[in-house]
Structures are given as C-alpha cells and as structure tokens.
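Let me begin by presenting the structure, written as structure tokens, before commenting on it.
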Amino acid sequence: MGKGSNVGLAELSSQTGAVVARLGWSSASGDGDADVSVLLLGADGKVRGDADFYFYNHPAADDGSVQLLGKTPTDSGSEDRIGLDLTATPADVERIVVAASRYGGAGFGDLEDLRLTLADRGGEELLGFSVDGMGEMRAVIFGELYRRDGGWKFRAVGQGYDTGLAGLATDFGIDVDDAEEAEEAEEPREPAAPAAVAPPEPAAPTAPKRPRTARKKVTLPAVARKSLAENDSWHQARLFPCGTLKSDREREMRATSVLLAVMAQVPEYGRRLTAGFGAPAGRMETFTEVSLPFGDTPRRPDGLIRVERAGKLWTALVETKTNGNALRPAQVQDYMDIAARRGYEAVITVSNDVALDGSPLVDVRTDARRKHKVALWHLSWAEVAHQAQMLIRHEGVGNAAHAWLLQELLLYLQHDNSGCHGFQNMGPAWVPVRKGIDEETLCEGDPRAVEVVASWERLIRQVCLRLGGELGQKVLPVQRVKRGTDTGSRRAAQADRLCREGRLQAELRIQDVPGVLALTADLRTGRLRTSIEVQAPEQGQPLTWAKRLVRQLADAPADIHVETLTDGQGSGPRGTLERLRPEPADLLPRDGARITGFRLSLFKGMGSTRGSAETGFIRSVDEAVDRFHASVVTALERRVPLPRKAAPAVRAGAGV
C-alpha cells in the first residue's frame with residue numbers, strides 16, 4: 001500500500017473479526033529498537049479515557065479488544081505483534097491508531113525497513129505498508145483502522161512526530177507530564193519486589209489525580225522459604241507428580257492435561273499462549289482425548305481448546321509430543337482436515353522442537369477451495385515454560401492461587417521425567433559435520449551444514465527464551481542480513497561460512513543492556529567464546545576509562561580476556577583480567593590510536609555430543625551464556641546503573 005491509501009478489510013478476507021498487526025524494523029548496529037502503542041479514539045478523534053492508551057506498561061484491554069503480544073525475532077531483526085479483536089471493540093470507538101516510538105532521544109533514522117503488515121487470525125497476510133523518510137522523528141503513526149458503512153477499513157498513515165510519544169499522545173487527548181517522566185528516567189532500575197508490587201504514594205491534594213498504568217499483581221518470592229523437612233530425603237508433595245511416568249504415551253497425556261488445565265484456570269496464562277493465534281479474550285475451556293469422526297476411524301487429538309465470546313466459539317485442536325519424539329505430518333494433516341470440516345479455527349502443535357521462520361516443522365496441504373481457513377501454529381515446551389516464568393517471577397498474575405498453579409506447572413516442566421525440556425538435540429547432521437570440519441573434508445553447498453545452521457538457530461532462540469525468563473527482560477537473537485534476503489539464502493550463506501571457517505556465530509540483544517552479547521562456537525578448536533563490546537565514554541581520559549573498567553570487574557573471573565578497540569587498522573592491546581588488574585595502563589595503545597571501546601570475552605570448552613547431557617554441546621552453550629552474563633554483564637550493570645524506561649504519567653481529557 002502507498003501512504004494515504006485505504007482498503008476495506010472485508011475486501012481482503014472473510015475472517016477479519018480478529019486481526020494481528022505486525023510492526024517491524026531492522027538495525028544495522030543490531031541494538032536499535034522501538035516500542036509499539038495503540039490508541040482507541042472516539043468520534044471526536046480523542047481518547048475516551050486513560051484505558052484507551054496501550055503501551056509497554058499497559059499492554060492489554062480487559063475486554064480483549066487490544067493486546068500487545070510482544071516481540072518476535074525475524075530474519076532481518078524483530079517485529080512487534082498487536083492482537084486486535086474488532087468484534088470486541090466498544091461501539092463508541094471509531095478509530096484504532098497503531099504507532100511506535102523511540103526512547104532516550106533516538107529517532108527512527110537509524111532503523112531500516114520500517115513496515116506494517118496486517119494478518120487475519122489464521123496468520124495469512126492481508127496487506128503491507130512500508131514507511132520511509134522518518135529521519136529524526138521519535139514517534140510514527142504507521143496506520144489506523146476505522147469504521148465505515150458498518151465495517152472496518154485500514155488507512156496507511158506514515159506520520160512522524162519529532163516530539164516523540166508525548167507529542168503523539170497529546171494530539172489524541174492525553175496529557176503526558178514530561179517533568180515527571182524525566183525525573184523517573186534518571187532513577188536506576190530497582191530489583192523486582194519479592195511479592196506484590198507496592199501501590200504508588202497518593203498524590204498531594206492540590207495535584208491532579210493521575211491514573212495507575214499498571215495493576216497490582218502477585219508474584220512469587222525470588223527465594224523460597226526455608227523447608228520444614230527434617231532432611232533432603234523428604235520430597236515436597238507436588239500437584240503434578242512426575243515420578244511414576246514410564247512411557248512416552250504417559251508423558252504426552254500428562255503434559256497435555258497439565259498444560260491445558262492450567263491454561264483454563266489461569267486466565268492471564270491461557271490468554272498469553274493463545275492470543276497470538278487469533279483466539280479472542282473470553283471464557284476458556286479445555287479438553288483432552290476428544291474423539292472426532294474421520295472416515296471409518298475416529299481420530300483422537302491430544303487436546304482441544306475452546307474460547308467463547310459473545311456467543312461465538314473459537315476452537316483449536318492440540319497435538320503434543322514429548323522427549324525427542326517428532327510430530328508426524330500425516331497425523332497433523334488429519335487434524336487439519338477435521339478442523340476444516342468442522343469449522344474449527346486452528347491446529348496447535350506442542351513439542352520440544354523450536355519453529356523457525358521459513359522452516360515448517362511439518363508439511364501439510366491446504367485445500368484452497370475451502371472458504372473456512374485453518375491455521376497451523378506451533379509452541380515449543382521452552383516457550384510454554386518461558387511464559388509461565390515471566391508471569392510468576394516478573395509480571396505477576398491476578399491472585400496467589402494462580403501464581404502457585406503456574407509454579408507447579410513450571411516445576412513439572414523442569415522435572416527430568418516430564419519429557420518437556422525443550423530443544424535438546426542438534427540433529428543427525430551434527431556429528432558428520434563436526435567430523436568433516438575436523439578432517440577438512442566438508443565442502444560448501446553440503447546440505448548437512450544447512451541442517452546444522454538451522455539447529456543452531458533453534459538453540460539460540462531457546463537460549464533467549466530461557467535467559468529472558470530468568471531476567472524478566474526481552475532477549476532476542478540479532479540477524480545482520482541485507483534487506484530482502486530470504487531465509488533459505490541466508491542459511492545457505494551461513495552454512496558455506498561454516499564449511500570455510502568452522503565456526504557458528506550468533507548475537508543476542510538483551511533489553512536495557514547496551515551492545516549485544518556475541519557467541520561463537522569454533523568447531524575446529526572445540527571452544528566457545530562469549531563476548532560483549534563496551535563503548536568508550538565520550539568524556540574523560542583513556543587511562544581513567546581503563547581503570548574504571550577494571551574496577552567494574554573487580555569480582556569477575558580472572559580469566560576474562562579484555563581487548564582494546566581502536567580506530568587503527570590493527571588490533572589494540574589485550575590481556576587477561578588477572579594480568580591487567582595491577583596494570584590497567586597496559587590497555588592503552590602504544591601508538592596513541594584513539595580508543596573506541598573494549599571487548600570482554602570468556603572462553604569455555606565445547607561439549608562434543610549433539611545432545612544436552614553433561615558432555616553435550618547444548619549444555620555447554622547454556623553454561624557459557626549463563627556464566628558470562630552472571631560474571632560480566634551483571635557486573636557492568638551493577639556498577640553503572642542504567643536508566644529504566646519510565647512509564648509516562650497520563651491524564652486523559654487534555655485538549656478534548
């Protein structure tokens with residue numbers, strides 16, 4: 001679509017009662033990002049009240065009409081997804097504005113490929129709109145949905161604001177207190193409260209009452225209470241025991257029942273897992289071992305999810321696998337056919353595998369002649385655990401009972417006998433590829449190298465989920481590719497590089513951490529390298545920078561490698577922290593080259609087997625990332641507090 005053009009949604013699809021807006025961009029540096037926001041406007045073009053402004057501290061509507069679904073990695077960066085249930089949108093809302101903003105004074109000029117796509121609840125793309133020429137603009141309206149003649153239309157807007165989120169919000173009737181926002185931005189990030197979030201202090205009588213942008217939530221304590229057991233041989237009773245599970249069939253049945261039961265009983269969790277699949281917000285019921293007619297022999301999918309809203313039903317069939325069992329394409333195809341015939345909306349598969357863009361886990365045929373479309377979605381058990389951990393440790397749920405249920409689910413998923421451990425096998429190509437690299441017989445174009453690259457991507461995405469759940473922060477893989485590069489070509493190029501250099505490389509961007517965490521697996525030397533680059537301060541003397549860095553790493557391991565980055569052609573001075581602690585001046589270039597920053601690295605031996613056992617490659621990657629983050633990244637954050645993203649204080653009605 002071109003800027004200013006519009007189109008009726010009914011012209012694009014018959015399934016536009018619920019749509020997903022995807023806002024995407026890429027950054028050459030790999031660490032650029034923005035935040036999405038949604039505003040609901042009345043007939044006068046203004047918000048009706050505080051609840052009509054959705055952003056990072058107010059991500060969902062109680063009626064399910066708006067839900068910010070978070071970021072997801074793409075081949076060229078990341079994209080934010082927004083679920084919009086148009087059937088649940090209040091009748092007095094005339095327009096829905098979809099926008100994004102940057103914080104910290106940055107503009108959209110250093111972000112590339114700004115785009116919005118609109119998809120139906122089945123995931124089929126309906127339209128796309130690229131935004132150009134935003135330059136120094138700090139906020140952008142990508143597009144808007146508006147009512148016309150009893151239906152909904154979309155308009156491509158592409159309007160920028162150099163005043164950022166505050167200027168955009170003010171235009172639509174929201175008063176943002178810039179002074180309060182600036183004051184909050186200067187405060188360091190505080191550790192998460194061990195229990196409920198304390199309510200804010202009451203405002204002075206003379207000050208206008210400001211709405212709370214975050215509801216009071218319950219989280220579990222970070223440290224467990226002291227056990228009353230007499231010794232370690234006593235095992236606490238669990239709601240979902242795992243010890244008696246003996247077969248894969250038992251594990252699949254138990255895992256399905258446990259997951260679906262918790263989804264139905266904890267609304268925040270059920271909604272979190274299904275909103276991205278087009279499910280409305282409503283009353284959820286879940287079922288297991290449902291028998292459905294199919295030819296001469298009925299089929300029994302592992303589970304079924306049904307959501308009711310305003311008398312309408314949304315239904316999804318569920319097929320689960322545990323341990324290393326793979327999904328069977330023929331079985332999934334049968335469930336797709338059953339769903340199409342019965343008017344169900346989706347089939348959801350759950351397994352330890354991780355889905356990648358452009359690489360479906362199972363190939364199924366879609367009958368283009370059918371008017372009713374069925375979407376096929378996938379969840380990894382790692383993502384199931386991640387969402388539970390985010391809610392009970394960081395974001396909170398409605399009450400203590402729900403928090404306890406999620407904790408029991410998480411303990412079940414993490415049990416050795418559950419079979420729900422996430423991605424745990426680098427695949428059959430791993431051993432021959434490592435052998436080929438060691439013997440220098442692996443040639444470019446070998447399809448086995450492409451398989452290893454895909455497995456490496458799956459592992460990195462799982463590492464991001466696990467680390468993000470522990471930190472309560474967004475952790476995303478960074479892809480540095482040219483615009484327009486397709487998934488197959490990108491993986492083929494990485495596979496050829498693996499054949500030439502014998503290395504697998506990845507970068508992770510952690511929310512509120514400057515720079516990216518780089519990870520390199522050198523298959524020739526059998527070593528893993530984790531590193532991060534720290535930019536040099538804009539003011540001060542190089543010797544002061546070096547001393548300050550060494551002091552920041554006072555409690556870090558002595559085997560950290562520190563390298564000085566310079567403007568020159570050659571590399572700067574380098575050494576271990578053990579050697580540099582008494583002589584920080586050794587980091588200064590002898591030729592007087594200008595220092596641009598420092599690279600901090602840790603090295604670790606790489607597991608040899610393809611699994612996650614103690615000698616496995618996957619476990620060694622997890623341990624390397626955990627050690628580096630705990631000993632290096634947290635040390636830098638602790639000594640140099642980062643400003644936390646302030647939630648704007650909003651007051652509705654200004655300018656109305």
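Side-chain N or O atoms of Asp496 include none that pairs as donor or acceptor with a backbone N or O of Glu444 at under 3.5 Å. Distance alone, capped at 3.5 Å, places no donor-acceptor pair between the Arg271 side chain and the Met263 backbone. Between the side chain of Arg448 and the backbone N or O of Asp446, no donor-acceptor pair lies under 3.5 Å. The closest donor-acceptor contact from the side chain of Trp381 to the backbone of Lys321 lies under 3.5 Å. Looking at Glu250, its side chain does come within 3.5 Å of a backbone N or O of Lys246 through a donor-acceptor pair. Put simply, the side chain of His386 gets close to the backbone of Leu465: a donor and an acceptor are under 3.5 Å apart. With Thr576 contributing its side chain and Ile560 its backbone, the two residues share no donor-acceptor pair below 3.5 Å. With hydrogens and angles ignored, the 3.5 Å screen pairs no side-chain donor or acceptor of Asp120 with any backbone N or O of Val19. Although no hydrogens or angles enter the test, the distance criterion places no donor-acceptor pair under 3.5 Å between the side chain of Glu501 and the main chain of Leu498. Remark: side-chain polar atoms of Thr322 are not paired, donor with acceptor, to backbone N or O of Gly419 under 3.5 angstrom.
Annotation: the span from Phe142 atom CZ to Arg22 atom CZ amounts to 15.0 Å, rounded to 0.5 Å. Remark: Leu508 CG to Cys464 SG distance equals 4.0 Å, nearest 0.5 Å. Asp80 CG to Leu116 CG: the interatomic distance, rounded to the nearest 0.5 Å, is 11.0 Å. Between Asp559 atom CG and Lys604 atom NZ the span is 12.0 Å, to the nearest 0.5 Å. The structure places CG of Leu471 at 13.5 Å from NZ of Lys474, a figure rounded to the nearest 0.5 Å. Note that CG of Leu517 is 5.5 Å distant from CZ of Phe628, once rounded to the nearest 0.5 Å.
Ionic pairing of Glu457 and Arg491 is present here: one or more N-O contacts between side-chain nitrogen and carboxylate oxygen are shorter than 4.0 angstrom. Under the 4.0 Å criterion applied to side-chain N and carboxylate O atoms, Asp353 and Arg458 are assigned as salt-bridge partners. Ion pairing between a basic and an acidic side chain is recognised when a charged N comes within 4.0 Å of a carboxylate O; Glu79 and Arg81 show no such pairing. Remark: Arg524 does not engage Asp438 in a salt bridge, criterion side-chain N to carboxylate O under 4.0 Å. The residues Asp248 and Arg251 are annotated as salt-bridged, a charged nitrogen and a carboxylate oxygen being separated by less than 4.0 angstrom.
With Thr320 as the partner, the side-chain hydrogen bond (donor to acceptor under 3.5 Å, both in side chains) test is satisfied by one option alone out of Thr349, Asn325, Asp302: Asp302.
In terms of heavy-atom proximity, Gln473 sits nearest to Ile510 at OE1-CG2, 4.1 Å. Closest of all the heavy-atom pairs between Asn352 and Gln462 is O-OE1, 4.5 Å. Annotation for Ser351 and Leu327: closest pair OG-CD1, 4.3 Å, computed over non-hydrogen atoms. Counting all heavy atoms, side chain and backbone alike, Leu356 lies closest to Ala454 at CD1-O, 3.4 Å. Between Leu406 and Ala388, the shortest heavy-atom contact is CD2-CB, 4.3 Å. Closest heavy-atom contact between Val347 and Ala339: CG2-CB, 4.1 Å.
Looking at Ile532 and Phe598, their side chains never come closer than 4.5 Å, going by heavy atoms from C-beta outward. The shortest distance between side-chain heavy atoms of Val384 and Leu413 falls below 4.5 Å. Here the side chains of Glu470 and Gln389 are in contact, with some heavy-atom distance below 4.5 Å. Residues Ser601 and Glu563 form no side-chain contact, since every pair of their non-hydrogen atoms from C-beta on lies 4.5 Å or further apart. The shortest distance between side-chain heavy atoms of Ile348 and Leu317 does not fall below 4.5 Å. Residues Leu636 and Leu553 are in side-chain contact: their nearest non-hydrogen atoms beyond the backbone lie under 4.5 Å apart. Between Phe129 and Leu118 there is no side-chain heavy-atom pair separated by less than 4.5 Å. In this structure the side chain of Leu239 never reaches within 4.5 angstrom of the side chain of Tyr412, judged on heavy atoms.
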Name the atoms and distances for all side-chain donor-acceptor pairs under 3.5 Å in residues 422-434, with sequence neighbours left out.
unit_1: Gln424; atom_1: NE2; unit_2: Ser612; atom_2: OG; d: 3.0
unit_1: Asn425; atom_1: OD1; unit_2: Gly427; atom_2: N; d: 2.8
unit_1: Arg434; atom_1: NH1; unit_2: Gly607; atom_2: O; d: 3.0
unit_1: Arg434; atom_1: NH1; unit_2: Ser608; atom_2: O; d: 3.3

Would you sort out whether Glu440 and Arg500 count as a salt bridge (Lys or Arg N to Asp or Glu O under 4.0 Å), showing the intermediate values?
CA-CA 9 Å; Glu440 298 187 5; Arg500 293 192 305 269; over 6 Å; no
Dump the intermediate steps for side-chain contact (heavy atoms from CB on, under 4.5 Å) on Gln67 and Leu84, then the final yes or no.
CA-CA 7 Å; Gln67 180 159 357; Leu84 301 171; over 6 Å; no
Passes salt bridge (Lys or Arg N to Asp or Glu O under 4.0 Å), Asp622 versus Arg466? Steps please.
CA-CA 9 Å; Asp622 286 336; Arg466 184 183 54 79; 3.3 Å; yes
Should Trp377 and Val350 be marked as a side-chain contact (heavy atoms from CB on, under 4.5 Å) after you check the CA-CA gap, both sets of side-chain angles, and the distance that decides it?
CA-CA 9 Å; Trp377 303 97; Val350 188; over 6 Å; no
Carefully, step by step, assess Phe240 and Arg254 under the rule side-chain contact (heavy atoms from CB on, under 4.5 Å).
CA-CA 9 Å; Phe240 310 123; Arg254 177 72 62 84; 5.6 Å; no
Kindly determine whether Leu391 and Arg272 satisfy side-chain contact (heavy atoms from CB on, under 4.5 Å), including the steps that lead there.
CA-CA 10 Å; Leu391 284 172; Arg272 178 71 66 90; 3.4 Å; yes
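Between Phe603 and His561, the angle of the ring planes goes over 60°, which puts this pair in the perpendicular group of the 30/60° scheme.
Of the N and O atoms on the side chains of Arg497 and Gln505, at least one donor lies less than 3.5 Å from an acceptor on the other residue.
Residues passing the side-chain contact (heavy atoms from CB on, under 4.5 Å) test with Ala261, sequence neighbours excluded: none. Judged as a side-chain contact (heavy atoms from CB on, under 4.5 Å), and not counting sequence neighbours, the contacts of Asp334 are Phe294, Arg299.
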